[in-house]
Amino acid sequence: MAKAEALVVFQPSGRRGRFAKGMPVLRAAQQLGVYVESVCGGRGLCGRCQIKVAEGKFAKYGVTSGPENLTPIGDQETRFREAKPLADDRRLSCSALIRGDLVVEIPSDARANRQVVRKAAESRAIKRDLVTHLRYVEVAPPDITAPDGDAGRLTAALEKEWGYRSVTLDAALLPSLQSVLRNGKWLVTAAVFQEQGGAPVITGLWPGLKETIHGLTVDIGSTTIAAHLTDLMTGSVVGSAGALNPQIRFGEDLMSRVSYIQLNPGSQPQLTAVVRGAIDNLIAATAEEAGVAAADILEAVIVGNPIMHHLFLDIDPSELGAAPFALALSSALTRRAEGVLGGLPPSARLHLLPCIAGHVGADAAAVTLSERPYAAKNTTLLVDIGTNAEIVLGNRKLVLAASSPTGPAFEGAEISCGQRAAPGAIERVRIDSETFAPKFKIIGADMWSDEAGFAEPAGKTGITGICGSGIVEAIAEMYLAGLITADGVIRQPPNGAGDHLVRVGRTWSYMLHRGEIEISVSQKDVRAIQLAKAALYAGARLLMDKLGVDEVAGIKLAGAFGSYIDPKYAMVLGLIPDCDLKKVSGIGNAASTGARMALLNRRYRHEIQRQVKKLVKVETATETRFQEHFVNAMAFPNKVEPFTLLRAQVALPAAPAKAPSRRRSPAR
């Protein structure tokens, strides 16, 4: 009789499979190609194979996970715990046996093959008009005949010498106030925070002359978090760090996390705590890289999608899980860091940009500020591709915004051999149109798989799976080579393709790599990418209808995935509308750039607040034409759109009949 099986999901890679109960978790990971370090060969000696078990009901997978679904701690693990410290919430995967369904997290400090977080800061000169200024001031010493306290004399000196009105001192500075004044012999530097139209507040104080302070920008993505530390005096980025969002263990995409909160009452503070803790770690990392004290970081600008925005602020995002997708807060917010981020001084100020709509967040507002389509004559399409694609379209006359639920397929999840971008992942693919043989590049090796010398770097990382850019290129190349029909069906092998197409039930899979871990593209994978790309295209096409245009002058792809994907293959799949390929470009982490603009110039904060109020928000879930566009966009590149500009640059299969014009009156 076959043994009962349990579903095991590994995070943050998102890979999953069914395994016989009684199998060690380490062996399950190895069979899936999930890297878990094990120096001692699974004998419970090295402690490198640590895991955590997520607790709760995970609707996305249909499982209830908890420590009870592992065997209890046995003699081998007990001996290890007696010899070396091991946190109570961790188990050794070599010793823990599967007893039921599990969602397993591989902690970041126990992962050797970490995800490559491609969120570097863009080098852009930004005109400074700071919110926080350093003011050197001489404070009158105490006088027995004048009863004013030290705080009163400090604020009076700032008002007299610098022209401020009604200056206040942040309460967090009171305990050290007298020692700072006396150590400086009444000559001190005060950091004065004042937003446009707001009251001035002293948020930092140092004896003598202080020459620089720093500010932080944080882009909280559903998959990764990127932080950049900026010298406020020069505007230069002096430290950068990125990390996986630890909320992944509660769900790969946004709605999975909302579902987790709904299924596990009282769990929302836990999701808030882990993301704040991750940001505190990034604060420490950027400060260490720059060689500055975290106490000198007095400002932070935070952006993220609405659900990340709400969870950061300790707001339950459940209302965003269903129509009418009500935001608890949509306007910009400035607040003290105390009680939010322990890595910053309590007096530091946090500023969150406004959210545009229920599923178009502060990160989209930051991208809009970075690229400023509202100031351009020509119509530009901005797309920030993630688990939820945020789309902005417009020009100086009108700007519209929407979101589309693309899901995590572009990040390697929901793909049979998919993984996130980490060393060993296939990231580029080419298929010979005559022999149908593949070649590929992996992260960590700057050469193609058919080049001499490829085996050496590949041997160091392994060939472990395929990431988002790789699966997009693989499917696009299969289509161009005639292995996939325009409807997305993997064809029966044409002459010469028999060695590369493998029968799987009633369908076929294309074999990219045969080795210790076989990597292939299945019919199910093609469907997952079709669904994701159709959702994104339909959202963009819907905005074009609303604006009354059939073409766009340029397309800008934001975010780590959007910047790394090849525009040619994105358009071959029909992920984005037809456009001159020369006018399609990646713009890097534009959300972080927009956040840095708001950090360095208070006028930009007001500019984006004004523009967000003018934006026309389009809710794709309630638009009748969205479904029509979605169905047409399931085909490669599209069932009805001719993609004339693309066909002039890339040899595609025969074009469909030209669709009638969809030009409509612009939205009001």
Side-chain angles (χ1 to χ4, degrees), residues 119 121-122 124 126 131 195-196 215-222 225-226 228 254 299-313 315 317 320 325-335 350-376 380-386 388-396 398-404 539 543 556-559 562 587-620:
K119 290 201 171 185
E122 180 190 358
R124 180 187 298 191
I126 299 171
V131 183
E195 289 188 306
Q196 199 168 3
L216 188 78
T217 58
V218 182
D219 176 14
I220 309 175
S222 55
I225 306 173
H228 301 293
L254 298 173
E299 275 195 76
V301 175
I302 316 288
V303 299
N305 61 64
I307 291 174
M308 295 299 97
H309 170 280
H310 277 38
L311 285 172
F312 174 76
L313 290 175
I315 299 171
L320 294 169
F325 311 110
L327 289 158
L329 174 72
S330 59
S331 59
L333 172 70
T334 300
R335 60 165 297 169
L350 309 179
H351 181 78
L352 285 88
L353 294 188
C355 288
I356 296 175
H359 284 295
V360 188
D363 52 351
V367 172
T368 304
L369 175 61
S370 172
E371 300 306 312
R372 307 180 80 200
Y374 47 80
T380 301
L381 177 68
L382 307 178
V383 184
D384 193 344
I385 306 173
N388 189 64
E390 294 171 317
I391 308 164
V392 176
L393 175 75
N395 49 44
R396 63 191 182 193
L398 182 66
V399 180
L400 305 98
S403 68
S404 279
L543 293 191
K556 297 182 179 183
L557 305 175
I587 53 175
N589 188 12
S592 284
T593 301
R596 195 155 59 91
M597 291 171 67
L599 175 71
L600 291 171
N601 194 315
R602 57 184 173 179
R603 296 180 187 276
Y604 285 136
R605 298 188 183 189
H606 289 268
E607 179 178 315
I608 193 58
Q609 289 170 31
R610 290 194 307 271
Q611 294 301 327
V612 165
K613 291 178 181 178
K614 295 178 182 179
L615 279 171
V616 175
K617 295 86 174 176
V618 178
E619 181 50 65
T620 57

* Would you check, one step at a time, whether the test side chain to side chain contact (heavy atoms under 4.5 Å, CB included) holds for His359 with Ile307? => CA-CA 8 Å; His359 284 295; Ile307 291 174; 4.2 Å; yes
* **Stepwise side chain to side chain contact (heavy atoms under 4.5 Å, CB included) test for His606 and Arg610** => CA-CA 6 Å; His606 289 268; Arg610 290 194 307 271; 3.9 Å; yes
* To do: Take Leu329 and Leu313, measure what side chain to side chain contact (heavy atoms under 4.5 Å, CB included) needs, and give me the verdict at the end.
  => CA-CA 10 Å; Leu329 174 72; Leu313 290 175; 4.1 Å; yes
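In this structure, Arg335 has no side-chain hydrogen bond (donor to acceptor under 3.5 Å, both in side chains) partners at least two apart in sequence or on a different chain. Residues satisfying the side-chain hydrogen bond (donor to acceptor under 3.5 Å, both in side chains) criterion with Glu607, sequence neighbours excluded, are Arg372, Tyr374. Contacts of Arg396 classified as salt bridge (charged side-chain N to carboxylate O under 4.0 Å, His left out), with partners at least two apart in sequence or in another chain: none. Applying the ring pair (Phe, Tyr, Trp, His ring centres under 6.0 Å) criterion to His310, with sequence neighbours excluded, gives no partner residue. Every residue two or more places apart in sequence or in another chain that forms a side chain to side chain contact (heavy atoms under 4.5 Å, CB included) with Ala366 is listed here: Val303, Leu353, Ala591. Residues passing the side-chain hydrogen bond (donor to acceptor under 3.5 Å, both in side chains) test with Thr368, sequence neighbours excluded: none. Looking at residues two or more places apart in sequence or on another chain, you find a side chain to side chain contact (heavy atoms under 4.5 Å, CB included) between Thr380 and Leu382, Lys556. Annotation: side-chain hydrogen bond (donor to acceptor under 3.5 Å, both in side chains) contacts of Glu195 (sequence neighbours excluded): Thr334, His351, Arg605. Ala401 pairs by the side chain to side chain contact (heavy atoms under 4.5 Å, CB included) definition with Ile356, Val360, Val392, not counting sequence neighbours.
At least one donor-acceptor pair under 3.5 Å links the side chain of Lys617 to the backbone N or O of Val612. Side-chain N or O atoms of Gln611 include none that pairs as donor or acceptor with a backbone N or O of Leu369 at under 3.5 Å.
One finds the CG atom of Leu600 at 9.0 Å from the CD atom of Glu299 (value rounded to the nearest 0.5 Å). Rounding to the nearest 0.5 Å gives a distance of 9.0 Å between CG of Asn589 and OG of Ser370. Atom-to-atom distance recorded for Leu543:CG and Leu393:CG is 5.5 Å, nearest 0.5 angstrom. Once rounded to the nearest 0.5 Å, the distance linking OG1 of Thr593 with CD1 of Ile126 reads 7.0 Å. Taken to the nearest 0.5 Å, the CG atom of Leu320 stands 10.5 Å off from the NE2 atom of His309.
Residues Leu615 and Leu400 approach most closely at CD2-N, 4.2 Å, considering heavy atoms. Contact detail for Ala357 and Pro306: the closest heavy-atom pair is O-CG, 3.5 Å. Heavy-atom minimum distance, Ser592 versus Thr217: O-OG1, 4.4 Å.
Each salt bridge (Lys or Arg N to Asp or Glu O under 4.0 Å) pair with one or both residues in residues 353-368, not counting sequence neighbours, would appear here, but there are none.
Phe312 is listed as a side-chain neighbour of Leu350, based on a closest heavy-atom distance under 4.5 Å.
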